[in-house]
Amino acid sequence: MSSNIGQMAIIVRHIFFLCLGLLAGLEVAFAQEIKPMGHFVQDTIKIGESIQYSFSLRYPAELEVVFPDENYSFLPFEYVDRTFVPTQTDSITSFDSVVYTLTTFELDTFQSLSLPIYIISADEEGRADSITIFASPDSVYLQQLITQLPDSLDLKENTAYLDTPLQFNYPYFLIGLGILIALLLIVYLLFGEKIRRRWQLRRLRKNHEQFQEKFAQQLEQLRQSPNKEQSEQTLVLWKRYMERLERAPYTKMTTKEISKLPEEQALKDDLRAIDRSIYSHRLNGELIGHFQHLEKHTHHRYEQRYQNIKHGSNR
């Protein structure tokens, strides 16, 4: 019984190695059928100069092929750039081509390069796999800039004064910058709130002065040419300023909604009278008076807000 088991094990091992040999043969045949072509465009190169390496492949159209990118090691060369040619495909095959721009700083007289392509596939379990096929090596000749070094060098003596610029002292600069930032931080902690209030007051006063000037111009135009459009423009100007002053959406609110605000209840009659004048196309002589009431109320609200900010309240 044990002898039969031993014979079976020998047969299974022979079959396993036979399958491995067949797979290796298929991969070699596959690699011989798909052969990348790579060569240098120039025959010679100098240290630090760029050289082009043309790399191409024709392969069955159903395969997925990947070329080396900038992360590949091009030793003894260094990668500079690459230029792709769009893939050309017919019903059977595809053709890809890329030109790599390389440079070298090695001193070897002859320097060769052989780049691979990767054929992406998947195994029986669906995991990604690849086959690597290299192009035949191609070499380039390094043209030496100095062909022969002399045994001794004749040095020229030069005692002329050469003025060299002083280097910027970055450590001192960083120390000074750190001190400046620390001082600004201390000033902000001690006086930041006071400075912020002063800036708010200055902006509030400037906005109010601009509103007064524009509102006075609108009223003067309304006196000279009373019409619906001029009345609407004056009312919109007032709403926009109140929107910034009270931080409420006045331009999106109706007269009824504005009148419900606690601070605007006193303007109910004025706003309704202005609306009647606009929408009924009857501009009476009291319209200017209603707008002047709006202006007085606005100035009163501005004074309240100014005092609130000045004494530390932002309400």
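Side chain of Asp108 to backbone of Phe110: no donor-acceptor contact under 3.5 angstrom is found. Distance alone, capped at 3.5 Å, is enough to place a donor-acceptor pair between the Gln111 side chain and the Glu106 backbone. Between the side chain of Thr103 and the backbone N or O of Glu49 there is at least one donor-acceptor pair closer than 3.5 Å. Between the side chain of His297 and the backbone N or O of His293, no donor-acceptor pair lies under 3.5 Å.
Residues Phe105 and Ile51 share a single hydrophobic cluster, defined by chaining ILVMFWY side chains whose heavy atoms lie under 4.5 Å apart. Follow the hydrophobic side-chain contacts under 4.5 Å out from Val236 and you never reach Leu271; the two are in separate clusters. Hydrophobic clustering (side-chain heavy atoms under 4.5 Å, transitive across Ile, Leu, Val, Met, Phe, Trp, Tyr) groups Leu204 together with Leu237. Cluster membership check: Leu113 does not share its hydrophobic cluster with Val41, using side-chain heavy-atom separations under 4.5 Å among Ile, Leu, Val, Met, Phe, Trp and Tyr. In the hydrophobic cluster analysis, where Ile, Leu, Val, Met, Phe, Trp and Tyr join through side-chain heavy atoms closer than 4.5 angstrom, Val98 is grouped together with Ile120.
The residue from Phe215, Tyr250, Phe211 that alone fulfils the ring pair (Phe, Tyr, Trp, His ring centres under 6.0 Å) condition with Tyr241 is Phe211.
With values rounded to the nearest 0.5 angstrom, Leu267 atom CG is found 10.5 Å from Arg301 atom CZ. Once rounded to the nearest 0.5 Å, the distance linking CD of Glu232 with CG of Asp275 reads 9.5 Å. The distance from atom OG of Ser73 to atom CD of Glu78, rounded to the nearest 0.5 Å, is 10.0 Å.
Side chains of Glu303 and Gln307: no donor on one and acceptor on the other come within 3.5 Å. There is a side-chain donor-acceptor pair under 3.5 Å between Tyr59 and Asp96. Under the 3.5 Å distance criterion, with hydrogens and angles disregarded, a donor-acceptor pair is assigned to the side chains of Ser94 and Thr89. Neither side chain, Ser225 nor Gln230, offers a donor N or O lying under 3.5 Å from an acceptor on the other. In this model, a donor atom of one side chain and an acceptor atom of the other lie less than 3.5 Å apart for Gln304 and His300. Between Tyr306 and His208, the side chains place no donor N or O within less than 3.5 Å of an acceptor N or O (distance only, hydrogens not considered).
Enclosure of atom OH in Tyr170 is not indicated, since only 12 or fewer non-hydrogen atoms of other residues, nucleotides or ligands lie within 6.0 angstrom. The number of heavy atoms from other shown groups lying within 6.0 Å of CZ (Arg223) is above 12.
Taking 4.5 Å as the limit, some side-chain heavy atom of Phe291 sits within range of a side-chain heavy atom of Leu222. Looking at heavy atoms from C-beta onward, Ser121 lies out of side-chain contact with Ser130 at the 4.5 angstrom threshold. Contact of the Leu102 side chain with the Val80 side chain is not registered, since no non-hydrogen atoms from C-beta on lie closer than 4.5 Å. Contact of the Phe67 side chain with the Leu57 side chain is registered, since non-hydrogen atoms from C-beta on lie closer than 4.5 Å. Leu142 places none of its side-chain heavy atoms less than 4.5 Å from the side chain of Lys46. Pro68 has its side chain out of reach of Tyr79: every pair of non-hydrogen atoms, C-beta onward, lies at least 4.5 Å apart. In this structure, the side chains of Glu213 and Glu209 stay at 4.5 Å or more apart for every pair of heavy atoms. In this structure, the side chains of Thr101 and Tyr53 stay at 4.5 Å or more apart for every pair of heavy atoms.
Salt-bridge formation is not detected for the pair Arg240/Glu243: no Lys NZ or Arg NE/NH1/NH2 atom is positioned less than 4.0 Å from an Asp or Glu carboxylate oxygen. Ion pairing of Lys260 with Glu257 is absent here, as no side-chain N (NZ or NE/NH1/NH2) approaches a carboxylate O to less than 4.0 Å.
Between Phe40 and Phe77, the ring planes lie tilted relative to each other; the angle falls in the 30° to 60° range.
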